[in-house]
Amino acid sequence: MSDNKHKWARKVGFGFGPNELLPTDVESWNNSQLTSNFKSVGMAKRYSDVEIWPQEYNFSFEDRLRRAGEYNEGKKEIENSKKLTSVEKKKRVRTLRDQTDVALFDVYKFWNSAIYGDDMVKQRLTHFWTNHFTVGGGGRRNYIIGDFIYRVIYGNLNASFDELLYKVTTHVGMLDYLDNAESVGERSESARWARRNGKTQGLNDNLARELLELHSVSPERMYTEDDIRNSAKILAGWGANTDSVIRKFYRERRRDNPAIGSLGKFIYEPYFKDRAEPGRKIVLDNKFRSGKKSLRQLTDMLANDDFTARHLSKKLAIHFIGESVNQSEIDFIYNVWKDSKGNLEEIHKEVLNVTARSKERKFLWPSTWMFQAIRFSGSSFLPGFEDGNASFYKAVPSKLNYEPKKILEELGNSFWESRQPDGYSERKDDWVSTEHFDRRIKVASRIYSFQPDRQGEEIAELLDFSDNTKIAIDKASNMRDKFIVALCSPDFMEV
Amino acid sequence: MLTRRHFLSGTGAGLFLSGYPVHGFTKNAIKGRIVVVLLEGGMDGLLAVPPIGDDNLFKQRRALVASNPLKLNPLFGIHPNFKNFSSMLLNDEASIIHATSFPYVGRSHFEGQNVLQGGMLTPFSIKTGWLGRAMDIAKTAGKAMSLETPLIIRGANDLDNFYPARIKHSRLPSSETLRLIQSTHLNNAAKVIGKLTKNSMKMGVVSQARDPLSLAAEAGRAMREKDGPRVAVVKIPQFDDHSEIGTDTGHHPELFTLVDRTFGKLKSELKEEWKNTIVLTMTEFGRTVKENGSAGTDHGYGSVGLLAGGLINRSSVVANWPGLSNKDLYEKRDLYATIDYRSICAACLEAAFGLDHDVISERVFLDKTIPRTYGHIFG
Amino acid sequence: MDTFLDKLIKLILIVFINTYFFASSSNADTSVLCLQKFLKKTVFVPGSLDGVWGDKTENSINSLLDQAGMLKPNQNISAQDAKEVCNLLHSSKRDELLESGKFKVFRIEID
């Protein structure tokens, strides 16, 4: 694997494009990929140069809420207007949406980083962890998914796992997605008030269940329903649903200066004492006292549990090596996990080591495949973020700009779509269907329309395709078809 | 009357043991059609088919009982949003199974869906689906109305998907090129690309809509054709209403309307083949009997299955009603499942494909203890 | 005045008549018990296994036979039919009845 640097870069990153220099030494490249600081990059217009990603498109949490609030309030004003026709109203709402949209920029950043960014390994790891800690898209949550991906996931790739787990569990997006914002301790002030006023409020165990089942120890730990219930009691009081956060923020900032203060704590650690469940709780034989700190204690306990190390070592191994990874490969990662006490930098290094030694082939996610296809071929498929006037508060972007977001949806692999908490599958079978192949072939054709520097035959040479595939490429009658055959062969779909 | 079971024990069993595929016992192609409507997220069976004759219904979930259910018999009513389905009940072409589930009590979506589709009691223990295995035995083709091939039909030999793409300025290349792509792949991938190639050469206008109702219509249309698929799988997501589930109106009731219209669409598109069809809903679990703190319900156990189609003999509600008082509930929170839904799936396979119950229980579900419910629904 | 032979004949008659009636009612009990034991293997519960024909037993056996399609319209099984039904339960119809009796079918009764 390491004698072909191109293959290696695809295995753990997105491959080296025609204008990229190959590293002289793979080991030190691996190391710098994991430990360096990188700046996000992007391309303003197709066929122009790559530049630093504009600061104005790095949205803070507050920026995101501000824009979401402007959309909400603006939409209401437009719809209540007595002077406008309904056609005019729809047009204005669409314009307002485009002017305040954040998700589209996040998607652009996502694409640009994968295609032009130097930090390809960190990007891949970010994709992995974002999928592991799935926060489904939809509605107002799309305003904050970018924050989750970049500040929480990417920002903690070198931290310890317990830090990542806590930050993920307390993110407004996660608390909203898994309904914890609705969860109220039965003996909390809030629930008692509700009962006195003839309403019902109580615990919702959705997040607690997924925290144990999917995010940390997994069902192998043999936790009980009581463990889930008590975890829910510890989680009660955390989170406000995104819409109410937006509304509250919008009201507050009209009074205060938008540079937050107490509201900041509310956003970054949204804990509401009046909804919390008092008293002691026991989870997996550990005792927890009431109060805000108990959640960190719970997530730390789970993060440090042996079953979490086993569960996640296996997931990491499967993601990079493939479904038929063997137990000894998983054990290498597990041992480093235990020795380093969950230090993600060390763990990721070991993942790369084990992957380098493996002879398995991994069937790539469609999005990974697509980013690699664009990057490796040098196609200019991705529109620039200035193409079609997508800049902040300028005119409505052209229809073209929605394509990156739509294509991810068409491939069935978008992080901005609503989906189940267990995320996108690592199993090849789940990505093989007539419609899936239809998509790949059509996307490959689109990529060809934007002048790739590397054609089908060169791709086959550089990546050492099988003779059988090379023969098929040779038989294709024109350059476009050769390109499509190359990209849709198992040699490129797997790595 | 010679039942198929007796026939099998004489000759079929011999065929079975030697590994020969056991078809229906005639040389004709399979006439029956099966449509599985997957309700993802956990459907609240008590909201859909309230046991109005059970006093505990109001005691246990006062705020979640529809105000005007249609009364079916002294014990059961049905939510008023099921208009088409209720007409079918009156016409002896629908039935309801209540307090039923696959024997899975883990309450996890992704384990639950895997059990439901794979047909095994241990999640993630098998790579094929129960319907796929049955289709393999009966040698029928199937169509999934989704982007991916769901587990439930994997294992069948002839599979296809339908979920139109929305990628501008793109068209599939020539069939020669598609065949070249196919030549680079092995096994299942190669087969799938072959199917794609065949589809791409078909003439005519194809619907581009992707909502569940349009997909169901397309499924019905495709299954009506003489050499069309005999199986279709349609998904209706978003049943996981942990908050604000609704009662007369609201999110769950809207989904009931969608399910109801899906039944209606399938009947109207299948036309004369409706008499050979069975449609069944499946959901990974029901929901808690009592309301949670957010006017919703959490994951439960027993739920309902809705069946419709001309293969049904007489409409009924099949249930071994467990009761709703606290001591009757599973873990003091969920409606018990007293009917193993695998037996219902098995009955549908028997009715549509003519497979024998013993063959189904042994080779599709790998469990000889599954009881036979064919007589209760199709007899 | 009764001779010894008269007394003997009277005694024999009394014993014979008593035995006959006793045997008949014991037959009735056995048949009812036979039905009840069978019903216990189904979801149509008979109440207690006491050999006594009560409402529960009557309702349950009628429901089972009706559901299995073995009752004529408006037919109702009562105590005197117990023996005949018991024979049915041990005939070739046994399996069919057991299968049907595993689940309860509620008809649709919308007007």
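Chain letters run A, B, ... following the sequence lines, proteins first, then strands; residues in each count from 1. Bear in mind that the values here come from a model prediction, so they are computed numbers and not experimental data.
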For each of B/Thr177, B/Leu147, B/Thr149, tally heavy-atom pairs with chain A at distances under 4.5 Å, and name the one with the top tally.
B/Leu147
Heavy-atom pairs under 4.5 Å with chain A are the metric here; pick the option from B/His169, B/Gln182, B/Glu331, B/Gln238 that has the most.
B/His169
Testing the basics here: between A/Val432 and B/Asn188, what is the closest heavy-atom pair and its distance to 0.1 Å?
CG1-ND2, 3.9 Å
Give the intermediate values and the outcome of side chain to side chain contact (heavy atoms under 4.5 Å, CB included) for residues B/Arg166 and A/Lys406.
CA-CA 8 Å; B/Arg166 300 249 172 90; A/Lys406 286 253 161 344; 5.7 Å; no
So, B/Glu148 and A/Ser433: side-chain donor and acceptor under 3.5 Å apart, yes or no?
no
Determine whether B/Ser108 and A/Glu210 make a side-chain contact, defined as any pair of heavy atoms from C-beta on separated by less than 4.5 Å.
no
Applying a strict 4.5 Å limit to non-hydrogen atoms, the region of B/Pro150 in contact with chain A is neither
Please indicate whether A/Glu220 has more than 12 foreign heavy atoms, meaning atoms of other residues, nucleotides or ligands, lying under 6.0 Å from its CD.
no
Please classify the contact of A/Glu225 with chain B as side chain, backbone, both or neither, using a heavy-atom distance under 4.5 Å.
side chain
Could you pull out the closest heavy-atom pair between A/Asp438 and B/Ala165, with the gap in Å?
OD1-CB, 3.5 Å
How close do A/Cys488 and B/His185 get, heavy atom to heavy atom, and via which atoms?
O-NE2, 2.7 Å
A/Asp429, A/Thr469, A/Leu411: which one forms the most heavy-atom pairs within less than 4.5 Å of chain B?
A/Asp429
Heavy-atom neighbours of B/Met201 CE exceed 12 at 6.0 Å:
yes
Measuring heavy-atom distances to chain A, does B/Ser146 have an atom under 4.5 Å in its side chain, in its backbone, in both, or in neither?
backbone
Closest heavy-atom pair and its distance - B/Ile167, A/Ile407:
CG2-CD1, 4.2 Å
Measure A/Val485 against the heavy atoms of chain B and call it side chain, backbone, both or neither at under 4.5 Å.
both
Give, as side chain, backbone, both or neither, the part of B/Leu151 having an atom under 4.5 angstrom from any heavy atom of chain A.
neither
For B/His242 and A/Glu182: C-alpha separation, side-chain torsions, deciding distance, then whether side chain to side chain contact (heavy atoms under 4.5 Å, CB included) applies.
CA-CA 9 Å; B/His242 283 274; A/Glu182 311 283 340; over 6 Å; no
Largest heavy-atom contact set with chain A, pairs under 4.5 Å, which of B/Gly41, B/Gly106, B/Ser174, B/Pro164:
B/Pro164
Take a 6.0 Å sphere around CZ of A/Phe381 and say whether it holds more than 12 heavy atoms from other residues, nucleotides or ligands.
yes
Pairwise side-chain contact, B/Tyr163 with A/Arg439, heavy-atom cut-off 4.5 Å (strictly under):
yes
Roughly how far apart are B/Met145 CE and A/Glu435 CD, rounded to 0.5 Å?
9.0 Å
Using non-hydrogen atoms and a 4.5 Å limit, figure out which bit of A/Arg427 sits close to chain B: side chain, backbone, both or neither.
side chain
Side-chain contact test, heavy atoms from C-beta onward, threshold under 4.5 Å: evaluate it for B/Thr184 versus A/Pro490 and give yes or no.
yes
What part of B/Asp298 is in contact with chain A, defined as an atom under 4.5 angstrom from a non-hydrogen atom: side chain, backbone, both or neither?
side chain
Heavy-atom closest pair (B/Ser183 atom, A/Asn468 atom, distance to 0.1 Å) is O-ND2, 3.1 Å
For the side chain of A/Thr434 and the backbone of B/Asn161, is there at least one donor-acceptor N/O pair under 3.5 Å apart?
yes
Whether over 12 other heavy atoms sit under 6.0 Å from B/Lys191 NZ
yes
Cut-off 4.5 Å, heavy atoms of chain A, and the answer for B/Arg154 is side chain
Carefully, step by step, assess A/Glu403 and B/Lys168 under the rule side chain to side chain contact (heavy atoms under 4.5 Å, CB included).
CA-CA 9 Å; A/Glu403 195 175 11; B/Lys168 335 173 295 159; 4.3 Å; yes
To the nearest 0.5 Å, how far apart are CZ in A/Arg446 and OG in B/Ser170?
7.0 Å
Using non-hydrogen atoms and a 4.5 Å limit, figure out which bit of A/Glu410 sits close to chain B: side chain, backbone, both or neither.
both
Heavy-atom pairs under 4.5 Å with chain B: which of A/Asp205, A/Val443, A/Asn206, A/Ile471 has the most?
A/Asn206
Gap between atom CG of B/Leu196 and atom CD1 of A/Ile441 - 0.5 Å precision
5.0 Å
Where on B/Ile193 is there a heavy atom nearer than 4.5 Å to chain A: the side chain, the backbone, both, or neither?
side chain
How far apart are the C-alpha atoms of A/Lys475 and B/Glu176, what are their side-chain angles, what is the distance that settles it, and do they pass the salt bridge (charged side-chain N to carboxylate O under 4.0 Å, His left out) test?
CA-CA 10 Å; A/Lys475 285 190 185 157; B/Glu176 285 82 48; over 6 Å; no
Which atoms of A/Asp179 are under 4.5 Å from chain B, going by heavy atoms: the side chain, the backbone, both sets, or neither?
side chain
